[in-house]
S.K.: 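Got a structure for you, written out below as structure tokens; questions coming shortly.
Below, chains carry the letters A, B, ... as their sequence lines are ordered, and counting in each starts from 1.
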Protein chains: 2
Amino acid sequence: MPAGKLLSHIKNLTLLSADEEKQIEDVLEKKTIRKRQFLLHEHQIAKVAAFVISGCLRSYSIDRNGFEHILQFAPENWWVTDMYSFISGKESYLNVDALVDTEVLILSREDQQHLCGKISQLEHYFRVITEKALVSTQQRLMDNLSTTARQRYEKFCGTYPGLINTLPQKLIASYIGITPEFLSKIRGEFLREN
Amino acid sequence: MPAGKLLSHIKNLTLLSADEEKQIEDVLEKKTIRKRQFLLHEHQIAKVAAFVISGCLRSYSIDRNGFEHILQFAPENWWVTDMYSFISGKESYLNVDALVDTEVLILSREDQQHLCGKISQLEHYFRVITEKALVSTQQRLMDNLSTTARQRYEKFCGTYPGLINTLPQKLIASYIGITPEFLSKIRGEFLREN
DNA sequence: CCCCCCTCTTAATATAGTTTAAGATAATTT
DNA sequence: AAATTATCTTAAACTATATTAAGAGGGGGG
């Protein structure tokens with residue numbers, strides 16, 4: 001039952017009957033995305049969202065100068081898509097690819113909307129996780145407006161102790177919004193102080 | 001019927017029966033917030049959210065050096081609160097105050113949760129507007145990571161043509177994440193080029 | 001096994017944005 | 001209307017971060 005992890009995730013926030021579980025399972029599609037392969041390319045329409053069972057995806061944009069900026073890491077139990085495209089049906093501006101071999105459950109917007117209309121507990125689930133995603137994006141935005149690169153790096157270490165030693169540094173730099181060279185410099189100072 | 005504007009806003013996205021409208025109206029409280037008065041102070045618990053009928057509120061944080069950073073302007077038809085505190089019940093980190101005399105409808109988290117359980121169309125409404133808020137926060141974050149202050153200013157002019165001539169510039173500077181002095185410099189260059 | 005590519009580091013130089021300070025305008029209060 | 005306070009502008013000096021360049025170390029593919 002590959003959908004088990006997602007069903008548990010939903011049942012942490014609400015209740016589901018056996019029949020409802022079945023309906024949800026029926027629309028999910030399990031998929032493997034190998035390292036460096038893409039779930040979504042910019043300019044495509046994001047018709048689906050992905051729930052990560054194992055591995056890690058990331059979403060990022062590429063600016064007019066060719067630099068990548070990471071919006072989100074999606075390890076186990078996280079959803080990821082280009083939300084803008086997913087809800088509007090317009091071209092995505094994000095790319096989503098795999099940092100390591102990754103197993104996901106695929107849910108289309110169409111199925112999501114249809115099921116939310118039938119299963120009000122599912123609509124509740126998506127409202128609540130969207131609220132949480134909003135909060136964490138807001139906090140990240142405020143951090144970017146009010147703290148230095150160094151403070152953001154230290155915060156990242158605290159928030160994602162699991163990722164700090166597995167991810168290449170250039171990805172961390174891209175996430176906290178600085179160049180890899182500058183991150184290296186910060187880390188250098190950091191080490192020398194201890 | 002002070003709730004009319006909010007009910008219209010909801011009915012743009014979904015359908016409500018007359019009875020459901022009544023239930024919603026019953027829990028809303030109309031309130032006037034005068035210029036410079038606060039709806040919420042940091043360190044309080046945000047037990048309510050506000051829907052703006054007329055006027056304009058803003059939410060902002062104060063960093064450790066005493067500088068303000070504006071997260072959101074809330075003109076007519078926008079919701080505002082400290083979402084982090086609202087959903088977690090923990091201390092807020094945002095302040096919400098009025099930029100001009102403002103009329104709002106107040107909805108408590110308790111009433112929201114209770115009504116969403118009874119009126120699935122309302123849960124749908126909140127899911128959809130939360131998704132939209134998430135998208136716009138994500139895009140603002142990506143803009144902050146990938147564009148210059150000047151590009152952000154130009155984008156702000158395009159996105160909020162209504163606010164650009166009513167808001168004091170120091171507020172715009174705070175929103176786009178720069179000092180008022182630097183915004184003034186950008187505007188100076190801008191004018192000289194035309 | 002070696003080569004090549006990719007990542008990380010270091011350092012010099014360049015730039016976007018801040019800080020400080022002062023004067024000029026505009027808006028409130030008295 | 002005067003007095004006071006807040007906002008806007010300008011400019012010089014400063015700082016955080018970017019850019020460029022070059023070299024060192026590692027891991028995967030042929």
S.K.: Using the salt bridge (Lys or Arg N to Asp or Glu O under 4.0 Å) criterion, which residues pair with A/R58? Sequence neighbours excluded.
M.R.: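 Here the qualifying residues are A/E68, A/D97.
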
S.K.: Who passes salt bridge (Lys or Arg N to Asp or Glu O under 4.0 Å) against A/E21, sequence neighbours left out?
M.R.: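 Result, salt bridge (Lys or Arg N to Asp or Glu O under 4.0 Å) vs A/E21: A/K11.
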
S.K.: Rounded to whole angstrom units, what separation is found between the CG atom of B/N144 and the P atom of D/dT17?
M.R.: 14 Å

S.K.: Between D/dT10 atom P and B/E189 atom CD, what is the distance in whole Å?
M.R.: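 After rounding, the gap between these two atoms is 11 Å.
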
S.K.: Name all residues meeting the salt bridge (Lys or Arg N to Asp or Glu O under 4.0 Å) criterion together with B/R187; count only those two or more places apart in sequence or in a different chain, and write none if there are none.
M.R.: none

S.K.: Using modelled atom types only, decide if a donor and an acceptor are shared between the side chain of B/T102 and the backbone of B/G55 within a distance under 3.5 Å.
M.R.: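 Checked: no pair found.
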
S.K.: Are B/R127 and B/E123 close enough for a salt bridge, meaning some N to O gap below 4.0 Å?
M.R.: no

S.K.: Report the distance from atom CG of B/L99 to atom P of D/dA6, rounded to the nearest whole Å.
M.R.: 17 Å

S.K.: Quick one: sort the B/Y125 and B/H9 rings into parallel, tilted or perpendicular, breaks at 30° and 60°.
M.R.: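 Taking B/H9 first and then B/Y125, their aromatic rings stand perpendicular (interplane angle over 60°).
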
S.K.: Is it true that B/D143 and B/Q139 share a donor-acceptor pair across their side chains at a distance under 3.5 Å?
M.R.: no

S.K.: Where do N or O atoms of nucleotides 18-21 of chain D meet protein N or O atoms at under 3.5 Å, pair by pair?
M.R.:
| unit_1 | atom_1 | unit_2 | atom_2 | d |
| --- | --- | --- | --- | --- |
| D/dA18 | OP2 | A/T179 | N | 3.2 |
| D/dA18 | OP2 | A/T179 | OG1 | 3.3 |

S.K.: Over 60° means perpendicular and under 30° means parallel, so classify the ring planes of B/F38 and B/Y60, tilted if in between.
M.R.: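 Taking B/F38 first and then B/Y60, their aromatic rings sit tilted (interplane angle of 30° to 60°).
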
S.K.: Is B/Q151 atom CD crowded by more than 12 heavy atoms from other residues, nucleotides or ligands, each under 6.0 Å away?
M.R.: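 Buried by this count: over 12 neighbours within 6.0 Å.
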
S.K.: Checking side-chain contact (heavy atoms from CB on, under 4.5 Å) between A/F73 and each of A/I172, A/L57, A/V80, A/L171, which is the one that passes?
M.R.: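 Only one of A/I172, A/L57, A/V80, A/L171 forms a side-chain contact (heavy atoms from CB on, under 4.5 Å) with A/F73, namely A/L171.
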
S.K.: Rounded to whole Å, please give me the gap between CD in B/Q151 and C1' in C/dA16.
M.R.: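 Value for this atom pair: 12 Å.
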
S.K.: Between P on D/dT17 and NE2 on A/H69, what's the gap in Å once rounded to a whole number?
M.R.: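 Spelled out: NE2 on A/H69 to P on D/dT17 is 15 Å.
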
S.K.: Which whole-number value in Å describes the distance from B/R152 CZ to C/dG17 P?
M.R.: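 After rounding, the gap between these two atoms is 6 Å.
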
S.K.: Compute whether any side-chain donor of one residue and acceptor of the other, for B/S92 and B/Q44, lie under 3.5 angstrom apart.
M.R.: no

S.K.: Quick one, which residues of residues 162-172 of chain B touch DNA chain D with a heavy atom under 4.0 Å?
M.R.: B/P168, B/Q169, B/K170

S.K.: Report which part of the nucleic acid A/R187 touches: base, sugar-phosphate, or nothing (heavy-atom distance under 4.0 Å, all strands).
M.R.: sugar-phosphate

S.K.: What's the angle between the local helix axes at either end of the helix from C/dC1-D/dG30 to C/dA22-D/dT9, using five pairs per end and rounding to 10 degrees?
M.R.: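 One end axis against the other gives 30°.
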
S.K.: Whole angstroms only, please: what is the CG-C1' distance between A/D101 and D/dG28?
M.R.: 15 Å

